[in-house]
Amino acid sequence: MDDFPAVVELNVGGTPYATALSTLRSEDGSWLQEIFGGSASGCPRDAQGRFFIDRDGTLFRYVLDYLREPAKFEMPTDFPERMRLRKEAEFYRLGGMVEAVTKDPGTITIGYRGSFQFGRDGLADVKFRKITRLLVCGRVAICREVFGDTLNESRDPDHGGPDRYTARFFLKHVFIEQAFDLLQERGFRCVGSCGSGTAGSITENLKPGVDSEENRWNHYNEFVFVRD
C-alpha cells in the first residue's frame, strides 16, 4: 500500500524541503525511487515528522532541480563544489546527473619548460628530469574545477569572470603526472602534444650561475586535453 503523501516534506541534513512524491520517484533505479517507493514506516523522521535524509542539505536543491527536468539540467557557471555534488549524485544513483556534473565540455593545455639536472660527486652520467613550472591554459572556470587549490592565479588577477580564457595560470607544484591524473579523473583525454628540440650545443652568453650542460637539454612541451 502506498502510504507516502503526494507532497513529501523532507529534512535533508538539517535543510527543509517539500517536493512531489512523483519527483522523488521519477528516475528508475535511483536511491530515492527505492526509498520512497516502499513503505513510509521504514523511513526515519525528524521531530516535526518530516522524512529525514542524512546527506548534504545545501546540495540537495540541485538534486531536485535535476529530477524535475533532467533534460534541461545544467551546472551553474564556476560552481566551486562540483566534485562534492558528483558524490551526492553518485549516492542517489542518478546516472544522468553524474554525467552532467562531470562533463562540462572544454579544453585545457598543459605546458612546461624543462631540462635535465645532472648528478654530482661522480654521478655526472645520471640525468634527473627538471621542470621549472607547469603552465595551464584554458577557460578559467574549468581550470579551477580541475586543479582546485593547486592552481596559482597570481599572474592573472580575476578580471572578466570565470568564462574568460587565460594563458597565465600555473600550478603550485611541478609534478606533471599529478596534473595528468587530475585531468583524467575529471574526464579529460589527451588529444595532442608537441615539443621543441633541446638547445643542443648552445652554450654562449649564459647567465651567471647557469650550468652549461643543463642548458643544452632545455626544451618546451605542450599537451592538449579535451573533455567532450
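Residues M83 and Y92 are members of separate hydrophobic clusters, defined by side-chain heavy-atom contacts under 4.5 angstrom among Ile, Leu, Val, Met, Phe, Trp and Tyr. Note on V226: it does not cluster hydrophobically with I176, by side-chain heavy-atom contacts below 4.5 Å among ILVMFWY residues. The same ILVMFWY cluster, assembled from side-chain heavy atoms under 4.5 Å apart, contains both I108 and L151. The hydrophobic clustering, which links ILVMFWY residues whose side-chain heavy atoms are closer than 4.5 Å, places V224 and I110 apart. L24 and V98 are not part of a single hydrophobic cluster, where members link through side-chain heavy atoms under 4.5 Å apart.
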Side-chain donor-acceptor pairs of residues 52-62 under 3.5 Å, sequence neighbours excluded:
from	atom 1	to	atom 2	distance (Å)
R55	NE	E88	OE1	3.3
R55	NH2	E88	OE2	2.9
D56	OD1	T58	N	3.0
D56	OD1	L59	N	3.0
D56	OD2	R84	NH2	2.4

Exercise answer: donor-acceptor pairs, residues 181-190 side-chain atoms, under 3.5 Å, sequence neighbours excluded:
from	atom 1	to	atom 2	distance (Å)
R186	NE	E145	O	3.3
R186	NE	V146	O	3.4
R186	NH1	L182	O	3.4
R189	NH2	D228	OD2	2.7

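Residues passing the side-chain hydrogen bond (donor to acceptor under 3.5 Å, both in side chains) test with Y17: none are found, sequence neighbours excluded. The ring pair (Phe, Tyr, Trp, His ring centres under 6.0 Å) search around F169 returns none, not counting sequence neighbours. With sequence neighbours left out, the side-chain hydrogen bond (donor to acceptor under 3.5 Å, both in side chains) criterion links S26 to no other residue. Scored by the ring pair (Phe, Tyr, Trp, His ring centres under 6.0 Å) test, Y165 finds no partners at all (sequence neighbours excluded). Considering only residues two or more places apart in sequence or on other chains, K130 meets the salt bridge (Lys or Arg N to Asp or Glu O under 4.0 Å) condition with E214. Listed by chain and residue number, nothing satisfies the ring pair (Phe, Tyr, Trp, His ring centres under 6.0 Å) test with F147 (two or more places apart in sequence, or in another chain). The side-chain hydrogen bond (donor to acceptor under 3.5 Å, both in side chains) check on E74 picks up nothing, with sequence neighbours excluded. With sequence neighbours excluded, the residues satisfying side-chain hydrogen bond (donor to acceptor under 3.5 Å, both in side chains) with Y220 are E222.
When atom types are taken as modelled, the side chain of R113 and the backbone of R133 share no donor-acceptor pair closer than 3.5 angstrom. H219 places no side-chain N or O within 3.5 Å of a backbone atom of S196 that could act as its donor or acceptor partner. Of the possible donor and acceptor atoms, none in the side chain of T109 sits under 3.5 Å from a partner among the backbone N and O of C137. Using a distance-only test at 3.5 Å, with no hydrogens or angles considered, a donor-acceptor pair links the side chain of R25 to the main chain of F36.
Among all heavy-atom pairs drawn from A100 and F73, the shortest one is CB-CD2, 3.9 Å. Nearest heavy-atom pair, D3 versus S41, reported as atom, atom and distance to 0.1 Å: OD2-N, 4.2 Å. Here the shortest heavy-atom pairing between G38 and F4 reads O-CE1, 3.3 Å. Nearest approach of L94 to E27, heavy atoms of both residues: CA-OE2, 3.5 Å. Summarising the geometry of G195 relative to N221, their closest heavy-atom pair is CA-OD1, 3.1 Å, with the distance given to 0.1 Å. Shown here for L67 and P70, the closest heavy-atom pair between the two residues is O-CD, 3.8 Å.
Put simply, OG1 on T23 and CG on L32 are 10.5 Å apart, with the number rounded to the nearest 0.5 Å. We find the CG-CG distance between L64 and L10 to be 7.5 Å, quoted to the nearest 0.5 Å. Here the straight-line distance linking atom CZ of F91 with atom OG of S30 works out to 11.0 Å at 0.5 Å rounding. In this structure, CH2 on W217 lies 9.0 Å from OG on S115, to the nearest 0.5 angstrom.
The stretch residues 29-52 participates, sequence neighbours left out, in these salt bridge (Lys or Arg N to Asp or Glu O under 4.0 Å) pairs: E34-R93, D46-R50.
Around CD of Q33, the count of heavy atoms belonging to other residues, nucleotides or ligands within 6.0 Å exceeds 12.
Alongside V7, the hydrophobic cluster contains no other residue (criterion: ILVMFWY side chains under 4.5 Å).
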Query raised in the report: Could you walk me through whether R155 and L135 pass the side-chain contact (heavy atoms from CB on, under 4.5 Å) check?
Result: CA-CA 11 Å; R155 294 197 306 173; L135 306 175; 3.7 Å; yes
**Report entry** Working for side-chain contact (heavy atoms from CB on, under 4.5 Å), residues Q178 and T150
**Finding:** CA-CA 10 Å; Q178 181 180 341; T150 65; 4.3 Å; yes
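F170 places none of its side-chain heavy atoms less than 4.5 Å from the side chain of L134. Looking at heavy atoms from C-beta onward, V63 lies out of side-chain contact with V12 at the 4.5 angstrom threshold.
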